Amino acid sequence: MFLRRLSETPGPSGFEDQVRHVLSEELRPHARRIYTDALGNLFVETGPEQGGPRVMLAAHMDEVALMIVRIDDEGTLRFRAIGGIDERVLVSKAVRVGPAGLPGVIGSKAVHLQKPEERKRPIAIEDLYIDIGAKDADQASGRVHIGDYAVFATEYEQIGQGKAKGKAFDDRVGCAVLAELAKRSFQLPTTFVFTVQEEIGLRGAGPAAYRVNPDLAFVIEGTLCFDVPDARDEDSVTVQGRGPAISLLDRATIPPQSLIRWMAEVADARGIPYQWRRSGAGGNDAGAIHLTRRGIPTGAISVPVRYIHSPAQIVDLSDYANTIALTEALLRDLENHPDRLDGLRLANRVYPAAAPGNGPSPGVPPHPGRPGPEPPQVSGEGREGNNTAAEEKGEKEP
């Protein structure tokens, strides 16, 4: 299963090379064009070059991890977190260090040696280290370098009834969804973008969206799920087995209501189960994409992930399959009804100024909540209106 291969491939923020290689090799036979940018984002173009709305689908390649910052005299490795990791889950976890995957274990002072007050609080990350079995600093330095990364050594495994355990489902599950869809034929100019450095500030998505310059974007993500026994209802952002989660809002984005309604209507029409992502916590690449250029309508579809950002995460494979189904259904609907996009954006509306001394001019909405008349199409408006100066001069970038 391709999700397994993606999950087990190391790819911390800033070190996405191996994930990018796996994806490019898998998708090369199905793409019209594959390329990268200066940050390392991977672009996979499918469908015709022209005709229909230009759609961008994004999923991030990077995972939370650790970076080696010091080698002790005893040969142990000190580290810092890359992305948001709960320090309480680190002690005694197996890791693999660097591109070679050197095995190691996160260690700390034994509980027998801790003072009573120490046992009552989590061990700070500064007091943890990685043991690779080296006898001293010289031996460790021959195998590990300052700046190397360490990822959790969790193997993918199907467990229970239709569930899977693994690392980095945030967001390798989204990458797997995009990879499956990129193998299918759509009569839309579609760009599948696998972004970098989402976990440390949505850094790759903005430049990627600027380059693609889409009319519409979707972010496919792994999201919070705390649906275990005794969980309070307000903590259950999503529930596994109820389908993909459509985001209502998070700390970085409030999608257009027209876009959210359309996504739900398509799911209902196709009988695809879905749920609402019910929390404003967290964020994803939509936060950077929707602010690019003049603004891009952007929706987020997420697979619920238990124990997200931890060494071992769990997904329901039916949610994964239904995320593929919903995203494909949206593309098919847009493929069959390209004018659907007109109702999903607010661009190009003009509110005429009032005539001096005569009150509101004809056509001005009587209150801010009522849209004004749609203006006639003007050359330079629409997607072309987002062109850069270089593009207007006829210069094209790949």
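Keep in mind the model is a prediction, meaning the values are calculated, not measured.
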Within 6.0 angstrom of E126 CD, more than 12 heavy atoms from elsewhere: yes
Can V144 be reached from I82 by stepping across I, L, V, M, F, W or Y side chains whose heavy atoms are under 4.5 Å apart? no
Using modelled atom types only, decide if a donor and an acceptor are shared between the side chain of N41 and the backbone of G204 within a distance under 3.5 Å. yes
Membership question, hydrophobic clusters at under 4.5 Å side-chain separation (ILVMFWY): are I200 and M61 in the same one? no
Check this for me, if you would: do D37 and R211 make a salt bridge, where the nitrogen-to-carboxylate-oxygen distance has to be below 4.0 angstrom? no
Would you please test F218 and L326 for side chain to side chain contact (heavy atoms under 4.5 Å, CB included) and show each step? CA-CA 11 Å; F218 294 106; L326 174 56; over 6 Å; no
Between Y156 and F169, what is the ring plane arrangement, given parallel below 30°, perpendicular above 60°, and tilted in between? perpendicular
Please round to the nearest 0.5 Å and tell me the distance separating atom CZ of R184 and atom NE2 of H30. 11.5 Å
Residue pair F43, R33: steps toward the side chain to side chain contact (heavy atoms under 4.5 Å, CB included) verdict: CA-CA 8 Å; F43 301 79; R33 190 166 61 142; over 6 Å; no
For V89, does its backbone N or O pair with a side-chain atom of D86 as donor and acceptor, under 3.5 Å? no
Grouping I, L, V, M, F, W and Y whenever their side-chain heavy atoms are under 4.5 Å apart, do I106 and V151 come out in a common cluster? no
D62 versus S13, closest heavy-atom pair with distance: OD2-OG, 2.6 Å
Less than 4.5 Å apart, any side-chain heavy atom of T191 and any of P214? no
Can you list every ring pair (Phe, Tyr, Trp, His ring centres under 6.0 Å) pair that touches residues 281-331, not counting sequence neighbours? none
Any sub-3.5 Å donor-acceptor pair from T154's side-chain atoms to P311's backbone N or O? yes
Judged by atom type as modelled, is there a donor-acceptor pair below 3.5 Å linking the side chain of K167 to the main-chain atoms of T9? yes
Got F194 and V19 here, is their nearest side-chain heavy-atom distance under 4.5 Å? no
Mind checking whether M263 and W276 sit in one hydrophobic cluster, side chains of I, L, V, M, F, W, Y counted as touching below 4.5 Å? yes
Any side-chain heavy-atom pair of H60 and E16 under 4.5 Å: no
Looking only at atom types and distance, does a side-chain atom of E157 sit under 3.5 Å from a main-chain N or O of K165, one as donor and one as acceptor? no
At their closest point, which heavy atom of R96 faces which heavy atom of A153, and how far apart are they? CG-CB, 3.8 Å
How far does CG of L178 sit from OG1 of T323, to the nearest 0.5 angstrom? 11.0 Å
We want to know whether R277 and S302 form a side-chain donor-acceptor pair, criterion being a heavy-atom distance below 3.5 angstrom. no
I'd like to know whether CD of E25 has more than 12 heavy-atom contacts from other residues, nucleotides or ligands below 6.0 angstrom. yes
Side-chain contact test, heavy atoms from C-beta onward, threshold under 4.5 Å: evaluate it for T46 versus L27 and give yes or no. no
Under-4.0 Å salt bridge between R261 and E265: no
Please evaluate residues F79 and L128 with respect to the criterion side chain to side chain contact (heavy atoms under 4.5 Å, CB included), reporting the C-alpha separation (whole Å), side-chain torsions for both, the decisive distance (0.1 Å), and the verdict. CA-CA 8 Å; F79 58 86; L128 297 171; 3.7 Å; yes
Residues forming a side-chain hydrogen bond (donor to acceptor under 3.5 Å, both in side chains) with D72, sequence neighbours excluded: R70, T76, R78
Which heavy atom of D250 sits nearest to which heavy atom of G282, and what is that distance? CB-O, 3.3 Å
A side-chain contact here means heavy atoms from C-beta on lying under 4.5 Å apart; do L23 and I34 qualify? no
Would you check if E26 and V22 make a side-chain contact, meaning some heavy-atom pair closer than 4.5 Å? no
Under a single-linkage definition using a 4.5 Å side-chain heavy-atom cutoff for Ile, Leu, Val, Met, Phe, Trp and Tyr, are F192 and L202 assigned to the same hydrophobic cluster? no
Output every pair passing ring pair (Phe, Tyr, Trp, His ring centres under 6.0 Å) with a member in residues 2-29, not counting sequence neighbours, ordered by first then second residue. F15-Y149
